[in-house]
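Heads up: the structure comes next, in structure tokens.
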Amino acid sequence: MASPATHRPKPGNSFTRFIPSPPQPTTTTSSGGVKLGPNASAFISSGIPDLDKILGGGFMVGSLVMVMEDSEAPHHLLLLRNFMSQGLLHRHHLLFAGPTRDPRSFLGTLPGPSSSSSSSVEDAGRRSSSTPDQDEKGLRIAWQYRKYFGEKQSYESHHGKDINQDFCSEFDLRKPLERHLLSGQSIDCISLQDLPNLADLHDRCSTFLSGFPRTDAVGGDVGRIAIQSLCAPQCGYFNMDWDMLSFIRSLRGMLRSSNAVAVITFPSSILSPSVSKRWQHLADTLLSVRAVPDEDKDLAQLLTGYQDMIGLLRVHKVAQINTQVPVILEAMTYSLKLRRRRFLVLERLNQAPVDATGGGPYTSSGGCSRSSKSSPLDF
Amino acid sequence: MKVDDNSEKNLLEEVIGGGGGRVILVEDRVETSGSFVLHHLLKSSFSSDSPPSVVIFVALSRPFSHYHRISKKLGCNLLIQKENNRLFFLDMLKLQCPGDARNNDNNVLVELFGKIQNAVEISSSLEYNKGYINIMIDELSLLEITTHGSVDEILNFLHYCHTLTSGLGCSLVMLNHEDIYSDALDRRLLSQVEYLADVVIKAEPLATGLSADVHGQLTVWNKGNYGENRHSRNNVSNFHFKVKENGVDYFYPGSLA
């Protein structure tokens, strides 16, 4: 037994021990792919740089993200894959539940990060024209608008919206994720077909989430739950509307007190309208995707860059945690594009100049298609 | 006309009026959350100029830290109110699991009502308490989910809560969603609760879409205004609002400076 006196560290010792301790996060970015936001919130990346920017930083830790699927196209899988890949890259723990027999095969379709980070930085600069130099160039003509750009930039940097390569990677959809990332980590895969009872799924989620209790200190493990097509017919949850709602409600309750984010995609069209509304109310962040038809001449006339679009993404609701102020976005509908067939990009819709002589169906609505209910852009 | 919410009554307070023993229903939609009305009512029950009242808060959707942070910015410390026995916070986030839901449906609501009744008895026995008791439910649709959509049980529960309002002068404030009752068959709960309510507050988005200056519109239907001799006989008021961290601006359409 050592005497208590020997346990006490020498003053010099405690001093040297204190110095090398890692600096506590005074900046907005901390390690492990978690970024601090306002109101004691924290964000993790959605895996799509543009989506992080739109949502004001990413998916809020402790929130439930729901994506309404389009029954015609699997665009929701793009969001889900990037979300999972980003998590694996940050060494976050992952729970994936899918409606297929073999959910592990879905992991093989996850995209890998783009290899040449320098080119992606250059691309990002070219795309969003966020570098001041480029703004200067563009502003030579409309110099009187310069002050607005300044405002916007200070706002964005104030809210920590600047894209950080460490926080969010750019994923190359044509490149599979490296094997060692898939095998080296704890990934729970569940087939929803194997769980005829939602109570089992609830238990799996609850044991998974119990590993990530919410602490005040930032850091520690982060969990990501991805559930694909929860109410799809092949899961066999027929006449279980209330069970599913109950599951989502208690999942949301558990997420509130854990260091995790859950993304659920669901085909809203097969739910009854009122049940679908209940699902939407349960979501903290609500997104929906829709495919654009290949040859819709009306749309092609209405939007510039229609040829490059693969779909539309709509932001219905952004998570409000620890605040009562709603997030008002500049636009709710964004176009999903694939840049060089590799990178997923979200852009504001640009309306083509209306042909005054044409007298088409949209000339009357002018530039406010967002508010007119009948527009094909609303969904 | 902008109303400074610190110095005088704002539009919402004016329209709702005061007094206990009432049922207030807040309805909202997916696009526009109505929870700020709840925060407002929560804060105003602790404000100094009204008689000291007790709040029993049934929280089904958010943890205490969420309400605490919001109220702090509104200028009211919930932790202190909790210590002073003026706030009974019933955290129902983890009310139950889906598996055993069918077996003890009844017990959940019976238990919850027991807790509420208990809190009411404690607070009405306190000597210094001369104000009202407010029971707040955030939110009713989640309670409905815990009973697997059994409208009768919810109505029973609300009936019991309502007896508290008439017997002991408690106020009952509920948040619910309007758009989940789009089917005519499902509407029973909403119409019954609307019938019970003395004040119905509807939060809706603007028809013209989102705007950064106007977050939505409130339609307040105060049934209690019928008998009184008020300056306007119209008991339905409609105004716009903008939610801020430290309060909410209410203004009539078109009057924003």
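Here is the naming used below: chain letters follow the sequence lines, and residue numbers restart at 1 for every chain.
Both the backbone and the side chain of B/E144 come within contact range of chain A, with heavy atoms under 4.5 Å apart. Using a 4.5 Å cut-off between heavy atoms, B/L74 contacts chain A through its side chain alone, with no backbone atom that close. Heavy atoms of A/R278 lying under 4.5 Å from chain B belong to its backbone as well as its side chain. In this structure, the portion of B/K73 lying under 4.5 Å from any heavy atom of chain A is its side chain and not its backbone. Looking at A/N39, both its backbone and its side chain come within 4.5 Å of chain B, counting heavy atoms on both sides. For a residue to count as touching a neighbouring chain, one of its non-hydrogen atoms must lie under 4.5 Å from one of that chain's; by this rule A/S206 does not touch chain B. Neither the backbone nor the side chain of A/L201 comes within contact range of chain B; no heavy atoms are under 4.5 Å apart.
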Exercise for review: Output, in order, the C-alpha distance, side-chain angles, deciding distance and verdict of side-chain hydrogen bond (donor to acceptor under 3.5 Å, both in side chains) for A/T323 and B/E245.
Suggested key: CA-CA 7 Å; A/T323 179; B/E245 291 284 6; 3.0 Å; yes
**Study point:** Stepwise side-chain contact (heavy atoms from CB on, under 4.5 Å) test for A/I248 and B/I145
**Key:** CA-CA 10 Å; A/I248 299 170; B/I145 290 175; over 6 Å; no
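For the options B/K242, B/E139, B/H39, heavy-atom pairs under 4.5 Å to chain A are most numerous at B/H39.
Closest non-hydrogen pair, A/R256 versus B/S61, comes out as NE-O, 3.4 Å. Considering every non-hydrogen atom in both A/R249 and B/L93, the closest pair reads NH1-O, 3.7 Å. Between B/V243 and A/P326, the shortest heavy-atom contact is CB-CD, 3.8 Å. Closest of all the heavy-atom pairs between B/V30 and A/K317 is O-CD, 3.4 Å.
With rounding to the nearest 0.5 Å, the separation of CZ in A/R252 from CG in B/L60 is 9.5 Å. The line from NE2 of B/H177 to OG of A/S274 is 13.0 Å long, rounded to the nearest 0.5 Å. Between atom OG of residue A/S272 and atom CD1 of residue B/I180 there is a gap of 11.0 Å, rounded to the nearest 0.5 Å.
Between the side chains of B/D179 and A/H281, at least one donor N or O lies within less than 3.5 Å of an accepting N or O. With hydrogens and angles left out, the side-chain atoms of A/Q324 and B/S35 include no donor and acceptor closer than 3.5 Å.
Between the B/H66 side chain and the A/I321 main chain, no donor and acceptor come within less than 3.5 Å of each other.
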